[in-house]
K.L.:
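A single structure is presented below for examination.
As a basis for the values below, the full set of heavy atoms in this structure was taken, side chains included, without hydrogen atoms, waters or symmetry mates. Please read these numbers as outputs of a predicted model, since none were measured by experiment.
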Amino acid sequence: MNKYNIKKVFENAVKQINEFAKHHKEEHFYAFAIDSGMLCLSSEEGFHKIVEKYSRNWQESKEKAILREDLLDDEIEIIKEEYKFCRKSVNGKEHLDSNKITNLEEYINYWLKIENEVRADNFNKGNPYIEEERITAIKYKTGDWPYQGFGNLNFENDEIPYETEEETTQYQEYDEFINNLLELFGKNKDIVFSQLNCTPDFKIIKTRHDY
């Protein structure tokens, strides 16, 4: 028998949603989720701000992305060890010979060149945050939501179990409870989210699963 009291947890979550709604009356919400015990919501307005932020950060990174003149000390230490290994192995020697590398300095410059080519190629592909496919992926990824964890499920001091070998049964019980809880949200969607401006395609999500 599941030890979690679904009625109490549900009612507590609804209270948190209603309290949240008081402060977000101008937004239009398209999804609700439970993610690791956290209550999460995302609005069209909040989502667009997130995408704009990601796009702006990408653009700023591009503008600052002058080709590197030097590698960091810790990077060079790794390359030194790799160079030693290459000189001792048949395949490594072939790799050095094919790139006309005869000493450590040339090997460091080789990797600096490779990194700059990769950086330039990534930026030449253009801003990924204007692509519809990328934007859609972000839209339903709770880690990118503006209101991830606006509230939490209340288990009255019961901790959320982790999926270890000893706690598999406990985790399965918790997972079953979350599924049932989300079904309860779905059946009462019009009441639970009545204080929010919800879009016609409003979804209830458990990580990647829609209900």
K.L.:
Taking all non-hydrogen atoms of both residues, which atom of N103 and which atom of I101 are closest, and how far apart?
P.N.:
O-CG2, 3.6 Å
K.L.:
Would you please classify the geometry between the H95 ring and the Y110 ring as parallel, tilted or perpendicular, with 30° and 60° separating the classes?
P.N.:
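Judged by the thresholds at 30° and 60°, the geometry between Y110 and H95 is perpendicular.
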K.L.:
Mind checking side-chain hydrogen bond (donor to acceptor under 3.5 Å, both in side chains) for N109 and listing every partner two or more places apart, or none if nothing turns up?
P.N.:
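If we apply the side-chain hydrogen bond (donor to acceptor under 3.5 Å, both in side chains) test to N109, skipping adjacent residues, there are no hits.
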K.L.:
Going by side-chain hydrogen bond (donor to acceptor under 3.5 Å, both in side chains), name the residues that satisfy it together with K22, two or more places apart in sequence or in a different chain.
P.N.:
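E19.
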K.L.:
Would a single hydrophobic cluster contain both L71 and I114, if residues Ile, Leu, Val, Met, Phe, Trp and Tyr are joined by side-chain heavy-atom contacts under 4.5 Å?
P.N.:
yes
K.L.:
Can you name the side-chain hydrogen bond (donor to acceptor under 3.5 Å, both in side chains) partners of S89, sequence neighbours left out?
P.N.:
none
K.L.:
Say you draw a straight line from CD1 of I138 to CD of E131; how long is it, rounded to the nearest 0.5 Å?
P.N.:
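I138 CD1 to E131 CD: 10.0 Å, rounded to 0.5 Å.
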K.L.:
Could you go through the side chain to side chain contact (heavy atoms under 4.5 Å, CB included) check for L41 and L196 one step at a time?
P.N.:
CA-CA 10 Å; L41 278 163; L196 292 171; 3.8 Å; yes
K.L.:
Supply the atom-to-atom distance Y129 OH to Y54 OH, rounded to the nearest 0.5 angstrom.
P.N.:
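It comes to 7.0 Å.
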K.L.:
Answer whether the closest heavy-atom distance between the side chains of L104 and K80 falls below 4.5 Å.
P.N.:
yes
K.L.:
Going from CG on L112 to CD1 on I108, what distance comes out if it is rounded to the nearest 0.5 angstrom?
P.N.:
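It comes to 9.5 Å.
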K.L.:
Does anything in residues 82-95 form a salt bridge (Lys or Arg N to Asp or Glu O under 4.0 Å)? List the pairs, not counting sequence neighbours.
P.N.:
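Found E81-K84.
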K.L.:
Atom CZ of F177 and atom CG of L182: how far apart are they, to the nearest 0.5 Å?
P.N.:
9.5 Å
K.L.:
For K206 and D175, what are the C-alpha separation, side-chain angles and deciding distance, and is it a side chain to side chain contact (heavy atoms under 4.5 Å, CB included)?
P.N.:
CA-CA 10 Å; K206 177 195 172 188; D175 194 53; 2.2 Å; yes
K.L.:
Quick one: ring-ring contact (aromatic ring centres under 6.0 Å, His included) partners of F185, sequence neighbours excluded?
P.N.:
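Applying ring-ring contact (aromatic ring centres under 6.0 Å, His included) to F185 gives F10, F32.
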K.L.:
Any chance CG of D73 has more than 12 other-residue heavy atoms, nucleotides or ligands included, within less than 6.0 Å?
P.N.:
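Result for CG/D73: open.
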K.L.:
For Q148 and C40, which heavy atoms make the closest approach, and how far apart are they?
P.N.:
CG-SG, 3.6 Å
K.L.:
Say whether Q16 and N12, considering side chains only, have a donor N or O and an acceptor N or O under 3.5 Å apart.
P.N.:
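The answer is yes; a qualifying pair exists.
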K.L.:
For the OG atom of S42 and the CZ atom of F150, what is their distance to the nearest 0.5 Å?
P.N.:
11.5 Å
K.L.:
Provide the closest heavy-atom pair for A31 versus W145 in the form atom of the first, atom of the second, distance.
P.N.:
CB-CH2, 3.5 Å
K.L.:
Which heavy atom of L39 sits nearest to which heavy atom of L153, and what is that distance?
P.N.:
CD2-CD2, 3.7 Å
K.L.:
Using the ring of each side chain (for Trp, its six-membered ring), is Y83 parallel, tilted or perpendicular to Y107, with breaks at 30° and 60°?
P.N.:
tilted
K.L.:
Kindly say whether the aromatic ring centers of H23 and Y147 come within a distance under 6.0 Å.
P.N.:
no
K.L.:
Is there a side-chain contact between D144 and F47, using heavy atoms and a 4.5 Å cut-off?
P.N.:
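No - every pair of side-chain heavy atoms lies 4.5 Å or more apart.
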K.L.:
Mind checking whether I6 and I34 sit in one hydrophobic cluster, side chains of I, L, V, M, F, W, Y counted as touching below 4.5 Å?
P.N.:
yes
K.L.:
Please collect all salt bridge (Lys or Arg N to Asp or Glu O under 4.0 Å) contacts where either partner lies in residues 24-52, sequence neighbours excluded, each pair once.
P.N.:
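Of all non-adjacent pairs touching residues 24-52, those that pass salt bridge (Lys or Arg N to Asp or Glu O under 4.0 Å) are E44-K139.
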K.L.:
If you apply the rule salt bridge (charged side-chain N to carboxylate O under 4.0 Å, His left out), what do you find for K15 with E11, and how did you get there?
P.N.:
CA-CA 6 Å; K15 287 180 182 179; E11 290 176 349; over 6 Å; no
K.L.:
Roughly how far, to the nearest 0.5 Å, is the CH2 atom of W111 from the CG atom of N99?
P.N.:
9.0 Å
